[in-house]
Amino acid sequence: DTGVSQDPRHKITKRGQNVTFRCDPISEHNRLYWYRQTLGQGPEFLTYFQNEAQLEKSRLLSDRFSAERPKGSFSTLEIQRTEQGDSAMYLCASSLVTWGSDTQYFGPGTRLTVL
Amino acid sequence: DAKTTQPPSMDCAEGRAANLPCNHSTISGNEYVYWYRQIHSQGPQYIIHGLKNNETNEMASLIITEDRKSSTLILPHATLRDTAVYYCIVRVAPGEETSGSRLTFGEGTQLTVNP
């Protein structure tokens, strides 16, 4: 069990550029989540997948954001036309849903800085 | 999900027990109490969760009051590496979600373990 991994760990981009982040969940975990965390705040939910189906999206996920999990394994989060307000830590988590349990395990995060 | 209230900060001496309180007076019968912690610039780390009974694992103990309106996370022998923000989160079990499977983080308690 290697845990949840995220790539890259840090990304610096200029305003208006597109960026893509990757998350590899714990093997055989069927749910995958994306959260965003700004400085001094707790993580905020963005979206989640069960297998390859995207089941819920937060209002925080504007139309510039898109997430995919094409084969029910890894996931990507793309931000188009980045803005300075997108600067944050983007966290991925995964879980194996069983009756009565859905414990989410987080990756190390991708820190995005938009200049 | 029910709202939680935690003190913004606490201090603890190294080697002593750290007792972190959480109030969740509006908790429903099908909602679990989860605890996570986040060490600076890392992803949140799962600690423990429970429904009604007290729980213990290798990291901590969780004491839930009989009326379930509050809980206490106990780190029995705090070390400097336990310095982190601790989040208490209440959420429904999988299969009973009305608003998805998200974790709703508050501002947590900054625990500082002093030498």
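Below, read A as the first sequence line, B as the second, and so on, with proteins coming before strands; counting in each chain starts at 1.
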Query raised in the report: Mind checking whether B:I47 and B:M10 sit in one hydrophobic cluster, side chains of I, L, V, M, F, W, Y counted as touching below 4.5 Å?
Result: yes
Query raised in the report: B:Q45 versus chain A, heavy atoms under 4.5 Å apart: side chain, backbone, both or neither?
Result: neither
Query raised in the report: Taking the inter-plane angle between the rings of B:Y34 and B:Y36 on a 0 to 90° scale, is it parallel (under 30°), tilted (30 to 60°) or perpendicular (over 60°)?
Result: parallel
Less than 4.5 Å apart, any side-chain heavy atom of [X] and any of [Y]?
X      : Y      : value
A:C23  : A:Y90  : no
A:P25  : A:R69  : yes
B:Y86  : B:W35  : yes
B:R91  : B:T104 : no
B:H24  : B:C88  : yes
B:S71  : B:I63  : no
A:L115 : A:T13  : no
A:Y35  : A:C92  : no

Query - B:N30 and B:S28 side chains, donor-acceptor separation under 3.5 Å - result: no
Query raised in the report: Who among A:Q104, A:Q41, A:M89, A:R111 has the most heavy-atom pairs with chain B under 4.5 Å?
Result: A:Q104
Could you look at [X] and say if it's the side chain, the backbone, both or neither that has a heavy atom under 4.5 Å from chain B?
X      : value
A:P108 : backbone
A:Q37  : side chain
A:L55  : neither

Report summary line: For residues 105-115 of chain B against chain A, heavy atoms under 4.5 Å, the residues are B:F105, B:G106, B:E107
Query raised in the report: Going through the checks in order, is the side chain to side chain donor-acceptor pair (under 3.5 Å) test met by A:D102 and A:S95?
Result: CA-CA 6 Å; A:D102 179 22; A:S95 70; 2.4 Å; yes
**Report entry** Contacts with chain B made by residues 74-87 of chain A (heavy-atom distance under 4.5 Å), listed by residue number
**Finding:** none
